[in-house]
Amino acid sequence: MRRIWTGARGLWLSLAWLSAAPALGCSRGEALRGAQREGAGPPAQEAGGPAEASTTPAEAPGSSAEAPASPAAAPLPASRVERDGLSISFALRPLDRGRDGADRGAAGVAEPAAAGTEALAEFTVTDAASGAPVGGLAPLGWMSRRDGADGGAAGAAEAAPDDERCRGKIKSFMAGLLSVRPEVDMNAYLLWTLNDDNTVSAINPQVALGRTKLRSVVTLAGPGASFALHPDRESLYVTLRGGRGLAVVDTRRGLVRTNVPVGADPSRVVVSPDGRTVWVGNDGDGTVSVIDARSTDVLRTLEVGPGHHEIAFTDGGRAAWITSERGESVAVVDAGALEPLGEVAVGEGAVSVAASDEAGVVYVARGAAGEVAILDAARRAVAGRVALKPGLGALRFDPGGRFAFALNPAAGEVALLDAATGAVAHALAGFAAPDAVTFTGRFAYVRNRGAAKVSLIDRAALGGPAAPPVVHVAAGQEPPAAAGAAALAAKAGLAAPIAPMPEGNGAVIASPADRALYVYVEGMMAPIGTLTSYGREPRSILVEDRSLKEVRPGVYAAPVRLAAAGRYDVELLLDRPRAAVCLEATVAPARCAPGAGYAGQSGCGGDLDPGIALEPLFAPDLRLEAGEPATLRFRAAAREGTSAIDAKEMEIMIVRFPSGYRFRGAPRAEGDGTFSVAFTPPAPGQYRFLAAAPGRGAPAGALPVVPLRVSPRGAAAAAGGAR
């Protein structure tokens with residue numbers, strides 16, 4: 001039986017101590033609220049308690065280090081408690097961006113965090129006596145709206161849960177109970193997949209079964225070749241075949257922000273280590289385009305040689321090394337000045353490159369020649385060559401920077417090269433066309449294109465005299481080579497089909513042939529769960545980690561999307577010391593439009609507008625019959641002042657609840673804002689009708705879900721029907 005994976009972070013924390021330890025009460029302490037009026041000072045400081053650290057936009061995750069600090073603004077509401085010698089405060093800081101990408105409140109006007117917007121959830125943990133920041137923690141955090149909380153102070157106070165209920169909430173959240181889910185999860189991450197049908201998908205593995213896990217589907221202007229995520233997690237860069245350039249995807253809104261014209265046949269895309277520039281290899285004209293990550297302007301087009309290009313960085317990102325498959329040399333470029341530093345002759349046929357600052361070397365794999373050239377990064381010269389078998393493909397250094405993994409799909413081997421000796425440390429056989437490798441703290445994960453398995457190589461044994469043990473884990477039903485995406489993905493190792501999980505003890509494996517994602521946790525002999533890719537062939541996968549991170553000493557923050565307005569309980573679970581702490585936060589009513597104020601104010605409605613309104617044109621008690629075609633009609637209206645919705649902008653999904661059959665397709669326009677979709681339910685049961693229009697601010701799950709009942713053939717009630 002296929003398991004359902006909830007993907008909850010922090011499973012290493014035992015649930016037992018939450019229910020047993022008496023010291024884990026959620027006593028609120030004295031909540032300190034900062035004044036909301038312009039020019040007010042920070043929250044009052046308790047005796048012996050440290051003042052809350054301030055945050056400027058330049059300090060927030062996702063902001064450039066050079067971003068100018070905003071003028072002094074009114075402080076935002078904060079809550080603080082003391083527990084076990086720690087002073088813990090919490091604040092929500094708006095990160096909302098308009099459709100033009102500009103930060104709201106950048107002119108120095110403090111705006112409260114509003115429903116439906118992006119915000120920075122920030123915990124500050126200090127020593128209660130000394131005020132020193134407490135770092136190195138691994139906190140888990142949630143926000144849950146109080147029952148009946150409408151933002152009013154009196155109602156919120158009456159709805160405040162007691163310690164036992166607070167402790168029970170944390171236990172339920174960690175257990176992944178579907179009946180008790182937080183409105184805001186600060187331990188979340190998204191899975192982004194590059195698909196074989198001109199799309200990228202964002203999948204949230206942690207949502208409840210009652211909703212689709214598909215957060216959004218972004219339609220591209222052409223088929224994607226490779227993709228890369230910016231360190232700020234706000235932009236995803238996708239190279240497009242067919243001369244369509246580079247797509248820049250807004251990960252928060254789930255749509256293409258812009259398409260950047262680059263050279264011919266763009267293929268590999270990488271983001272520089274400092275996040276300032278994006279490098280695109282143009283296989284069709286022998287160039288590399290360097291793009292400003294912030295403005296998306298093309299800063300320079302470099303002539304680097306014909307054929308496919310791979311890119312690596314050394315010296316902390318100061319130097320870029322660029323190969324050309326049909327050229328003889330590797331180009332070296334000053335990554336800051338974008339000026340050539342020279343060329344290193346290695347011979348024709350370079351298919352991959354890997355760099356190690358720890359070893360001071362750059363390795364270049366020449367596929368047909370079966371050779372790895374070792375380059376001295378400081379001298380920019382060839383320091384040696386290692387002869388292997390012809391057919392080399394992907395080449396990567398492990399995180400320690402000592403061992404390079406050279407994959408050979410043709411020979412079914414993986415060679416481990418030791419940078420300390422410049423020679424082969426181990427040659428491992430028994431693989432089935434290995435074509436991609438990624439790493440966790442303990443293992444190297446090797447994808448086998450010719451078999452439905454992933455091979456785990458124990459990294460702890462790399463330096464020993466004996467070959468490291470290899471464990472083969474079955475992953476799926478069909479080998480990746482059986483998928484239509486295999487031929488394109490095989491080129492120069494463009495596919496990145498395995499992504500480490502944020503916990504560091506497992507990985508998510510994309511199977512294009514099975515059209516699924518498999519979740520593997522180390523120590524298991526098989527994946528622990530499966531996530532559907534909703535009918536698409538996932539070619540590559542990466543993880544956008546949105547969990548709490550220590551952004552400054554003692555300050556832990558995560559970007560979150562806020563739910564409905566009102567008063568919230570903020571639940572925090574600390575690992576050292578073991579403590580469960582509950583704080584408070586207030587979410588302001590939704591802003592209807594930039595500059596239009598907030599819901600409840602004059603001229604502004606009370607509901608958060610997702611961009612479109614959906615009206616089913618079939619009766620709520622409609623019953624369909626299994627095996628009988630049905631036409632489901634609905635009306636979709638765009639926000640006032642925007643263009644009418646086109647059928648191509650929408651996607652319809654019909655899923656059988658809680659799991660099983662899934663139908664996906666585009667609706668047909670019938671005129672006057674009316675659309676229809678033809679659907680033949682395969683079997684009786686409960687179904688869900690979901691509509692999405694990501695480009696209109698309505699990703700999957702944003703619009704109301706319409707339930708459908710399907711009866712056995714001939715048993716449908718007469719009541720109900722299409723209109």
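As the structure is a prediction and not an experimental result, all values here were calculated from the model. Values below: every heavy atom of this structure, side chains too, minus hydrogens, waters and symmetry copies. Sequence positions, counted from 1, serve as the residue numbers for this chain.
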With Thr323, the side chain to side chain contact (heavy atoms under 4.5 Å, CB included) member among Val364, Val346, Val351: Val364
Quick test of your reading of the model: are [X] and [Y] salt-bridged, counting only N-O distances below 4.0 Å?
X      : Y      : value
Glu522 : Arg442 : no
Arg447 : Asp435 : yes
Glu544 : Arg233 : no
Arg536 : Asp196 : no

Euclidean distance, [Y] [atom2] relative to [X] [atom1], rounded to 0.5 Å:
X      : Y      : atom1 : atom2 : result
Thr219 : Lys648 : OG1   : NZ    : 11.0 Å
Ile541 : Ser201 : CD1   : OG    : 10.5 Å
Thr440 : Asp398 : OG1   : CG    : 11.0 Å
Leu220 : Thr199 : CG    : OG1   : 7.0 Å
Asp265 : His309 : CG    : NE2   : 10.5 Å
Leu246 : Ile291 : CG    : CD1   : 4.5 Å

Look at the side chain of [X] and the backbone N and O of [Y], then say whether any donor-acceptor pair between them is shorter than 3.5 Å.
X      : Y      : result
Asn448 : Ala451 : no
Asn282 : Gly284 : no
Asp357 : Gly316 : yes
Asn204 : Leu190 : no
Asp514 : Gln477 : yes
Ser352 : Gly393 : yes
Thr532 : Tyr534 : yes
Asn408 : Lys389 : yes
Thr239 : Ser226 : yes
Arg366 : Glu348 : yes

Contacts of Phe405 that satisfy ring pair (Phe, Tyr, Trp, His ring centres under 6.0 Å) - sequence neighbours left out: Phe439
By ring pair (Phe, Tyr, Trp, His ring centres under 6.0 Å) - contacts of Trp279 (at least two apart):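 Scan of Trp279 (ring pair (Phe, Tyr, Trp, His ring centres under 6.0 Å), adjacent residues dropped) gives Phe313.
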Worked verdict on Leu140 versus Leu548 for side-chain contact (heavy atoms from CB on, under 4.5 Å): CA-CA 7 Å; Leu140 304 175; Leu548 288 167; 5.8 Å; no
Any pair counted as ring-ring contact (aromatic ring centres under 6.0 Å, His included), so long as it reaches residues 215-251, sequence neighbours left out: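 Qualifying pairs: none.
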Chi angles and distances behind the side-chain contact (heavy atoms from CB on, under 4.5 Å) call for Val269, Val238: CA-CA 7 Å; Val269 58; Val238 189; over 6 Å; no
Sequence neighbours excluded, which residues qualify as side-chain hydrogen bond (donor to acceptor under 3.5 Å, both in side chains) partners of [X]?
X      : value
Thr251 : none
Ser533 : none
Tyr363 : none

Looking only at non-hydrogen atoms, find the nearest pair between [X] and [Y] and report the distance.
X      : Y      : answer
Ala221 : Asn259 : CB-ND2, 4.4 Å
Ile311 : Gly281 : CD1-N, 4.4 Å
Gly523 : Tyr520 : N-OH, 3.6 Å
Ser267 : Arg241 : OG-NH2, 4.0 Å
Val262 : Ser289 : CB-OG, 3.6 Å
Pro434 : Pro409 : O-CG, 3.1 Å

With side chains defined as the heavy atoms from C-beta onward, is the minimum distance between [X] and [Y] less than 4.5 Å?
X      : Y      : result
Pro527 : Val473 : yes
Asn195 : Val217 : no
Leu191 : Val543 : yes
Ile652 : Phe679 : no
Pro502 : Asn187 : no
Asp458 : Phe443 : yes
His308 : Leu494 : yes
Pro399 : Arg459 : yes

Exercise: do Lys453 and Ser455 side chains pair donor with acceptor under 3.5 Å: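 There is no such pair between these side chains.
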Working for side-chain contact (heavy atoms from CB on, under 4.5 Å), residues Tyr445 and Leu456: CA-CA 5 Å; Tyr445 287 67; Leu456 275 63; 3.8 Å; yes
Derivation of the side-chain contact (heavy atoms from CB on, under 4.5 Å) call for Val508 and Met501: CA-CA 7 Å; Val508 183; Met501 291 194 295; 3.9 Å; yes
